[in-house]
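Heads up: the structure comes next, in structure tokens.
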Amino acid sequence: MNKHDSERVAGMLESMGAVSVDSIEEADIVVFMTCCVREAADTRLYGQVASMKNVPLRSGTPLDKRIVAVGGCIGQRDGQKLLDALPHLDVVFGTHNIGSLPHLLSASVNEGKRDVEVLDASSSFPTDLPSHREHSWAAWLPITIGCNNFCTYCIVPYVRGREKSRALEDIVAEAQRYVDAGVKEITLLGQNVNSYGRDLYGIPRFAEVLDAVDATGIKRLRFATSHPKDLTDEVIAKFGTLRSLMPALHLPVQSGSNAILASMNRRYTKEHYRGLVDKLRRACPDIALSTDVIVGFPGETDKDFEDTYRLVEEIGYHQVFTFIYSKREGTPAAKIDDPTPHEVIQKRFDRLVEAVQDHAWKANQADLSTTVEVLVEGSSKRDSSLLAGKTPKNQTVHASIPSGLSIEDLRGRFVDVKIDQAKTWYLSGEVVDGSIHD
Ligand code: SAH
Ligand code: SF4
């Protein structure tokens, strides 16, 4: 969601006549887009903005003075506090008024104003703003904003507001525009896409969104994120039937202990979660599952952690994003005392990370000697003679760029790759002759 917001900020800046530059010294407008889900990013932002005073503006840039703005979740939460703490900061905006950035910047450039504009909620779904997509072949498409779930550790509902769905016709129209422009992959976005439509239509209509976006002719369709309590049989069945829906699902479990899940207000049990996984694998035997796990939630005992460890082992995820619990002021969990020493939590975390790597390696072995369709994203960061791209299951693939071709001939197109090596975090192989296609 943050990346998508940033693409919209870039789009608005471009439509004001700004151009992007390669180094911060050349940038007379700098916009920080922020996240406060965990403390580390939060602290870093204050340091990063403060350090801007040490980065001189190269002479000859159009404005002669650098304008620094902070937007997104920290802007929303801290507002004026940011301006008070950071003398080099000019503009603060929040999550509900990205569209205000042009007038705030203009006031700062023309009148030297330092200004904060943060709204409590948005009156409309703010997606008709220009956007500069990072990749021409892929698009994020928000279908809901905000969240009503109030998981007890999470700050998102406080900084992004209540869940608001976007009209189905608008979603389909935007998807169709992308398909007509040659976009190959759309990722539908929402804090919990499964509850899409409840506020607008009284019932969730996410399965209909999937059908309607598939009908635009998009090649690859994905979505994030899915709350297990709201994942319906109807949506699960789509993994077996819908042409464009890729066989990969991010289904955050957070914990494998029913006591901790209850204390997190997740409103499902590990048995329910396991049941969902069984159904998903019945609908789509090859589906690649990924998840999020929080280690060290207040009150987590060794036994609770063992339950999580065992669940992760049982399910055998392709990828697990592991987080050490981070206390967020204002959330209910911040009030729960926990005497567990940090070293104990760190040990649990390290054990889990090791298991996660083993499972990721094992899961990738299933693709050895198969031929997979890869959407090429660019060249490999480590070796520019290799292309890098993604499989339907969202695994990274490396393969030699076929002779006589450059990466520009392949970027945003599909190739088939015969896999001959399966590592923990990537697969590699050879491009099948004559397999380049759109
Ligand atoms: N709406 C999505 C994403 C929420 S934030 C969802 O429900 O899945 C992404 C992840 O950050 C969460 O899944 C959770 O694992 C993690 N997270 C959120 N708050 C956290 C906190 N206070 N400490 C540690 N991890 C947290
Ligand atoms: Fe946070 Fe829970 Fe909402 Fe996800 S569903 S954004 S974890 S409150």
Side-chain angles (χ1 to χ4, degrees), residues 1-5 33-44 72-74 76-77 95 140 142-165 187-196 198-199 204 206 222-231 235 248-257 260-268 273 276 289-300 304-305 308 311-312 317 319-336 338 340 342 345-346 348-349 352-353 356:
M1 195 63 93
N2 223 336
K3 276 197 175 181
H4 175 70
D5 285 350
M33 293 301 288
T34 61
C35 169
C36 55
V37 163
R38 284 171 295 276
E39 193 182 359
D42 214 335
T43 327
R44 220 166 29 231
C73 296
I74 301 183
Q76 182 71 30
R77 188 195 58 191
T95 52
W140 307 108
I143 65 167
T144 68
I145 50 173
C147 184
N148 292 349
N149 287 313
F150 292 94
C151 303
T152 54
Y153 50 81
C154 184
I155 200 160
V156 170
Y158 306 92
V159 288
R160 294 234 173 223
R162 291 299 70 70
E163 183 175 274
K164 194 172 277 175
S165 302
T187 304
L188 304 174
L189 287 182
Q191 298 299 342
N192 176 17
V193 289
N194 294 314
S195 55
Y196 167 84
R198 211 174 259 157
D199 55 320
F206 182 53
R222 303 184 190 277
F223 58 83
T225 303
S226 241
H227 195 307
K229 80 178 163 58
D230 294 315
L231 179 63
V235 168
L249 176 66
H250 186 62
L251 193 63
V253 68
Q254 313 298 358
S255 169
S257 149
I260 295 294
L261 286 170
S263 181
M264 287 176 162
N265 189 32
R266 289 290 287 179
R267 288 178 281 167
Y268 54 83
Y273 187 93
L276 293 176
L289 297 172
S290 56
T291 200
D292 292 344
V293 171
I294 297 178
V295 177
F297 182 81
E300 182 186 77
D304 292 320
F305 175 72
T308 301
L311 188 72
V312 166
Y317 292 101
Q319 193 163 10
V320 180
F321 298 90
T322 45
F323 307 107
I324 289 187
Y325 168 73
S326 172
K327 181 174 172 173
R328 307 285 56 209
E329 283 314 329
T331 61
K335 298 195 193 81
I336 311 176
D338 187 10
T340 315
H342 179 74
I345 292 170
Q346 187 68 48
R348 290 177 191 160
F349 180 81
L352 186 64
V353 166
V356 163

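Index from 1, following the sequence. When a ligand or atom number is given, it counts from 1 through the structure's own listing order. Everything quoted here is computed from the prediction, not taken from an experiment.
- Under 3.5 Å, the side chains of Asn194 and Ser226 contain a donor-acceptor pair of N or O atoms.
- For Lys327 and Asp338, the salt-bridge test fails: no basic side-chain N is under 4.0 Å from an acidic carboxylate O.
- At the shortest separation from atom 7 (S) of ligand 2 among protein heavy atoms lies Tyr153 OH, 3.4 Å.
- Residue contacts with ligand 1, taken as heavy atom pairs separated by less than 4.0 Å, involve Arg38 solely via side-chain atoms from C-beta onward.
- No salt bridge links Asp199 with Arg162; every basic N to acidic carboxylate O contact stays at or beyond 4.0 Å.
- Heavy-atom distances between Gln254 and ligand 1 reach below 4.0 Å in at least one pair.
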task: Could you check Tyr158 against Phe150 for ring-ring contact (aromatic ring centres under 6.0 Å, His included), going step by step and ending with a plain yes or no?
output: CA-CA 9 Å; Tyr158 306 92; Phe150 292 94; 5.5 Å; yes

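- The shortest separation from a heavy atom of Asn192 to ligand 1 is not under 4.0 Å, leaving the residue out of contact.
- Residue contact check: Pro252 has heavy atoms under 4.0 Å from atoms 8 (O) of ligand 1.
- For a distance threshold of 2.8 Å, the protein N, O or S atoms nearer than that to atom 2 (Fe) of ligand 2, listed by chain and number, are Cys151 SG.
- Residue contacts with ligand 1, taken as heavy atom pairs separated by less than 4.0 Å, involve Tyr153 via backbone and side-chain atoms alike.
- Within the structure, the closest approach of Ile294 to ligand 1 falls below 4.0 Å when heavy atoms are considered.
- Close approach to Arg328 involves these atoms of ligand 1, each under 4.0 Å from a residue heavy atom: 22 (N).
- Side-chain atoms of Ser255 and Glu300 form no donor-acceptor pair, as typed in the model, at a separation below 3.5 Å.
- Residues Gln76 and Thr95 bring a donor and an acceptor atom of their side chains to less than 3.5 Å of each other.
- Distance from atom 21 (C) of ligand 1 to its nearest protein heavy atom, with residue and atom name: Ser326 O, 3.6 Å.
- In this structure, Ile324 counts as a contact residue of ligand 1, since one of its heavy atoms falls inside 4.0 Å of the ligand.
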